[in-house]
Amino acid sequence: MRHSSMALRLIALLVGVAANAAAQQEPKPQELPDAPAAKQESAPQKRQSPFNTTIEVLGRRSIFFPNIATSRGALSTKQKFELFAGESVSPSRFLSSAAGAGIGQARNSLPGYGQGMDGYGKRFGSSMATGAANNFFGTFLISSLLHRDPRYFVTLHGGAGHRIGYALSRIVVARTDDGKDAANWAGILGPLLAESLANSYLPAKEQTAGGTFQRFGWRIGLNAASNSLREYWPTIFRSLRITKSAPG
């Protein structure tokens with residue numbers, strides 16, 4: 001119970017801050033409607049600009065994956081904080097935590113949490129807390145300090161091999177605020193710091209250096225898989241005709 005209450009308090013703190021920041025950013029999507037207008041003017045350059053093609057397909061911020069870039073300009077520190085907040089309470093975060101908790105329950109990972117609804121709740125809560133911590137360190141803190149852009153910039157061109165390779169490369173390569181490529185310290189140190197912090201609420205048997213690095217490795221793998229899904233998310237978005245701004 002001690003571990004469970006600590007995880008819940010951490011979740012309440014991070015998600016509470018996230019909810020408040022997310023509420024403040026509600027009016028902002030209205031700044032993006034001029035993106036589809038730019039589509040007509042830049043049509044001949046589609047294949048050369050991942051920025052343009054992403055804006056054309058989405059036309060506005062993705063709710064499921066808030067960190068898919070839909071604008072060219074760099075984010076301010078405040079916007080990076082808002083992005084951390086949005087990611088921490090996004091549908092993709094809830095679904096991945098719910099699925100991960102179910103798989104963990106079936107495999108009896110983190111056995112100290114036990115079984116039943118109580119065990120599932122602890123696994124779900126710890127996953128949400130660690131995900132929020134990962135976003136705080138990676139999306140906001142480290143990205144702000146090192147002037148990295150924490151968003152994912154979709155390519156939308158090339159074959160499957162090129163696009164998957166690009167998605168995997170984003171684990172170690174990031175975009176700087178001025179548009180250049182650099183080491184993705186936020187994507188590497190963020191998960192490590194989050195898993196280290198998780199030792200404050202995970203079962204005692206998991207609070208070891210070996211356990212921390214094992215969870216870190218799993219999180220890097222999940223981030224790579226998530227990047228691959230982000231790479232194809234605008235294509236899925238367009239194919240389902242969810243948005244009117246998608247090219248015909």
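Atom set for the values below is all heavy atoms of this structure, side chains included, hydrogens, waters and symmetry mates excluded.
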Trainee: Which atom names give the shortest non-hydrogen contact between E87 and S90, and what distance separates them?
Mentor: O-OG, 3.0 Å
Trainee: Decide whether L189 and I171 are clustered together by the hydrophobic rule: side chain heavy atoms of Ile, Leu, Val, Met, Phe, Trp, Tyr closer than 4.5 Å, transitively.
Mentor: no
Trainee: For the pair S92 (side chain) and F64 (backbone), establish whether a donor and an acceptor sit closer than 3.5 Å, ignoring hydrogens and angles.
Mentor: yes
Trainee: Could you tell me whether the side chain of Y166 reaches within less than 4.5 Å of the side chain of F153, counting heavy atoms only?
Mentor: yes
Trainee: Measure the spacing between OG1 of T130 and CE of M128 and express it to the nearest 0.5 Å.
Mentor: 10.5 Å
Trainee: Taking all atoms of both residues into account, what is the closest heavy-atom pair of P191 and I220, and its distance?
Mentor: CG-CD1, 4.2 Å
Trainee: Under 3.5 Å, is there a donor on one side chain and an acceptor on the other for S97 and R93?
Mentor: yes
Trainee: How close do A198 and R215 get, heavy atom to heavy atom, and via which atoms?
Mentor: CB-NH2, 4.3 Å
Trainee: In the single-linkage hydrophobic clustering (I, L, V, M, F, W, Y; side-chain heavy atoms under 4.5 Å), do L145 and F136 co-cluster?
Mentor: yes
Trainee: Treat each ILVMFWY residue as a node, draw an edge where side-chain heavy atoms are under 4.5 Å apart, and state whether I103 and Y120 are in one component.
Mentor: no
Trainee: Is the NZ or CZ atom of R170 positioned over Y152's six-membered ring, under 6.0 angstrom from the centre and within 45° of the axis?
Mentor: no
Trainee: Mind listing the closest non-hydrogen atom pair of G119 and Q105 along with its distance?
Mentor: C-OE1, 3.5 Å
Trainee: Just so I know, are the side chains of L83 and L75 near enough to count as touching, which here means a heavy-atom distance under 4.5 Å?
Mentor: yes
Trainee: Between S143 and P150, what is the shortest heavy-atom contact and its length?
Mentor: OG-CB, 3.7 Å
Trainee: Any side-chain to backbone donor/acceptor pair from S88 onto F84? Under 3.5 Å, distance only.
Mentor: yes
Trainee: Are N199 and E206 close enough, and set up right, to give a side-chain hydrogen bond (donor to acceptor under 3.5 Å, both in side chains), and what steps lead you there?
Mentor: CA-CA 7 Å; N199 288 326; E206 304 297 325; over 6 Å; no
Trainee: Which value, rounded to the nearest 0.5 Å, describes the distance between F81 atom CZ and L141 atom CG?
Mentor: 11.0 Å
Trainee: Are any non-hydrogen side-chain atoms of F213 and L192 less than 4.5 angstrom apart?
Mentor: yes
Trainee: Do you reckon I188 sits in the same ILVMFWY cluster as I142, going by side-chain contacts under 4.5 Å, direct or chained?
Mentor: no
Trainee: Side chains of R219 and E195: does their closest heavy-atom pair fall under 4.5 Å?
Mentor: yes
Trainee: Hydrophobic clustering (ILVMFWY, side-chain heavy atoms < 4.5 Å, transitive) - are L193 and F216 grouped together?
Mentor: no
Trainee: Please report the interatomic distance CE(M117) to NZ(K122), rounded to the nearest 0.5 Å.
Mentor: 13.0 Å
Trainee: Using modelled atom types only, decide if a donor and an acceptor are shared between the side chain of N184 and the backbone of G187 within a distance under 3.5 Å.
Mentor: yes
Trainee: Kindly give the heavy-atom pair with the smallest separation between S144 and K80, and that separation in Å.
Mentor: OG-CD, 3.6 Å
Trainee: Return the CZ to CG distance between R123 and L202, rounded to the nearest 0.5 Å.
Mentor: 11.0 Å
Trainee: Does the side chain of T176 come within less than 4.5 Å of D181's, by heavy atoms?
Mentor: no
Trainee: Check the pair S71, R151 against side-chain hydrogen bond (donor to acceptor under 3.5 Å, both in side chains), reporting the backbone distance first and the verdict last.
Mentor: CA-CA 10 Å; S71 64; R151 295 172 296 175; 3.0 Å; yes
Trainee: Using a distance-only test with no angle check, is there a side-chain donor-acceptor pair under 3.5 angstrom linking T155 and E231?
Mentor: yes
Trainee: Does the side chain of F124 reach to within under 4.5 Å of the side chain of Y113, using non-hydrogen atoms?
Mentor: no
Trainee: Quick check: do N135 and F140 have side-chain heavy atoms less than 4.5 Å from each other?
Mentor: no
Trainee: With no hydrogens and no angle check, just 3.5 Å: does a side-chain donor-acceptor pair link R230 and N67?
Mentor: yes
Trainee: With a 4.5 Å limit on heavy-atom distance, are the side chains of R148 and D177 in contact?
Mentor: no
